[in-house]
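Predicted model only: the values in this text are computed from it and were never measured.
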Amino acid sequence: IAMLSELRAAGKLPQLEWIATIGTTAHDGFIRFNDVLQKADPVRLVAVAATLDRHDPINIQFTSGTTGAPKGATLSHRNILNNGRFVGSAIGLTPQDRVCIPVPLYHCFGMVMGNLASVTLGATMVYPGEGFDPLATLQTIERERCTALYGVPTMFIAELDHPEFSRFDLKSLRTGIMAGSPCPARRTSSPASMPGGTEIFRLTSAISRPLPPQSGQMRSLKKPRPPQSLQVARPRPPSRTRRAAASIALVLPAPWNAP
């Protein structure tokens, strides 16, 4: 809040009109999310809802990516709802599952893979705390008997390396998702790493399925999971260039304000 106040006062955010905060504390120049809900006109909400389309943008994730310039990745209602559903289905979420979500809710990992995957498939969402803490996460898994755990590699490593790790009963875990960056294989393949039977998916594996192993085949080669489909077209006249066409609910609209 202090950083946003400073940037606004310096005139560095001329297009920013509204900033909503979550919580009971009021701040000058900000609106509380609860106040927005209380002032909402139900009749107008129904009227506005009738004008919305599933392909309309609903969320913008600002990212620099790994090789590109900063951009606003624009996501539609259809994008995030289906992304959550497909990923949740791929790791087998059901109403009997309890998903431990220590990842940020402002990012797609927590918002989509966590919240929407659970909502669409009836799983229970469990939040260990406002920010990541390895001890709180381990305590939550044991106390709430969580069956799935999400995190980036540094989170899993922090949990595995915690001095109290061995005292927790984590046998309720059966699956999860690791995303963000590669994790050293020795950390996830060791018998002492995760409870027996726990299958941690890489995010690419949750939205795709491995090809049958063949001699000389790269382990990263995968096929799209149904109902997604991909087609590689050979241009005419023939050239070394190929075009890939995707039929998938996860294809993003153009980046926000793209030229």
Side-chain angles (χ1 to χ4, degrees), residues 59-68 70-73 75 79-80 83-93 97-119 121 123-142 144 146-166 168 170 172-195 197-210 219-220 222 225 250 252:
N59 183 274
I60 302 175
Q61 297 284 326
F62 284 93
T63 173
S64 61
T66 54
T67 58
K71 55 187 175 297
L75 308 174
N79 285 153
I80 63 174
N83 195 12
R85 181 169 66 91
F86 291 155
V87 170
S89 297
I91 66 172
L93 290 185
D97 281 300
R98 302 173 67 82
V99 186
C100 184
I101 309 173
V103 293
L105 298 181
Y106 59 77
H107 188 270
C108 287
F109 202 173
M111 176 189 69
V112 180
M113 315 305 167
N115 287 359
L116 291 182
S118 299
V119 168
L121 296 167
T124 299
M125 296 168 281
V126 181
Y127 308 106
E130 294 185 6
F132 174 67
D133 179 87
L135 180 59
T137 301
L138 293 170
Q139 291 171 335
T140 300
I141 296 169
E142 180 180 60
E144 302 295 333
C146 293
T147 59
L149 173 63
Y150 289 1
V152 298
T154 51
M155 289 181 173
F156 280 94
I157 291 173
E159 292 152 8
L160 294 169
D161 286 347
H162 196 279
E164 298 185 44
F165 176 81
S166 61
F168 291 100
L170 308 178
S172 60
L173 285 176
R174 67 163 190 84
T175 189
I177 296 178
M178 180 187 297
S181 62
C183 184
R186 60 183 176 82
R187 301 311 307 269
T188 54
S189 60
S190 167
S193 58
M194 299 300 290
T198 303
E199 184 176 13
I200 301 297
F201 285 76
R202 291 286 297 160
L203 185 56
T204 51
S205 297
I207 61 176
S208 59
R209 55 185 177 180
R219 294 180 61 186
S220 62
K222 301 179 185 298
R225 290 184 183 273
L250 313 184
L252 309 183

Subject >> From CD1 (I157) to CD (E159), nearest 0.5 Å >> reply: 10.0 Å
**OP:** Check L116 against I80 and note the closest heavy-atom contact, atom names and distance.
**Re:** CD1-O, 3.6 Å
Subject >> CD (E164) with more than 12 external heavy atoms under 6.0 Å >> reply: yes
**OP:** Examine distances only and state if a side-chain atom of Y150 and a backbone atom of V103 form a donor-acceptor pair shorter than 3.5 Å.
**Re:** no
**OP:** For residues N115 and M111, report the shortest heavy-atom separation together with the two atoms involved.
**Re:** CB-O, 3.1 Å
**OP:** Output yes when a side-chain donor or acceptor of T147 lies under 3.5 Å from a complementary backbone atom of S172, and no otherwise.
**Re:** no
**OP:** Can you see which heavy atom on F132 is nearest to which on P102, and at what distance?
**Re:** CD1-CB, 3.9 Å
Original post:
Could you give the distance from CZ (R85) to CG (L93), rounded to the nearest 0.5 Å?
Top reply: 13.0 Å
**OP:** Using the test salt bridge (charged side-chain N to carboxylate O under 4.0 Å, His left out), find all partners of D97 that sit at least two apart in sequence or belong to another chain.
**Re:** R174
**OP:** Start with the C-alpha distance between F156 and T137, add both sets of side-chain angles, then the distance that settles side chain to side chain contact (heavy atoms under 4.5 Å, CB included), and finish with yes or no.
**Re:** CA-CA 10 Å; F156 280 94; T137 301; over 6 Å; no
Subject >> Minimum heavy-atom distance M125-G114, with the two atoms named >> reply: CG-O, 4.2 Å
**OP:** Please report the C-alpha distance between C108 and N83 in whole Å, then the side-chain angles of each, then the deciding distance to 0.1 Å, and finally whether the side chain to side chain contact (heavy atoms under 4.5 Å, CB included) criterion is met.
**Re:** CA-CA 10 Å; C108 287; N83 195 12; 5.8 Å; no
Original post:
Of all heavy-atom pairs between M113 and A117, which one has the smallest distance, and what is that distance?
Top reply: O-CB, 3.0 Å
Subject >> CD-CZ distance between Q139 and F168, expressed to the nearest 0.5 angstrom >> reply: 5.0 Å
Original post:
Hey, mind stepping through E144 and Y127 against side chain to side chain contact (heavy atoms under 4.5 Å, CB included) and telling me if it holds?
Top reply: CA-CA 10 Å; E144 302 295 333; Y127 308 106; over 6 Å; no
**OP:** Please report the shortest heavy-atom distance between T140 and C146, naming the atom on each side.
**Re:** O-SG, 4.0 Å
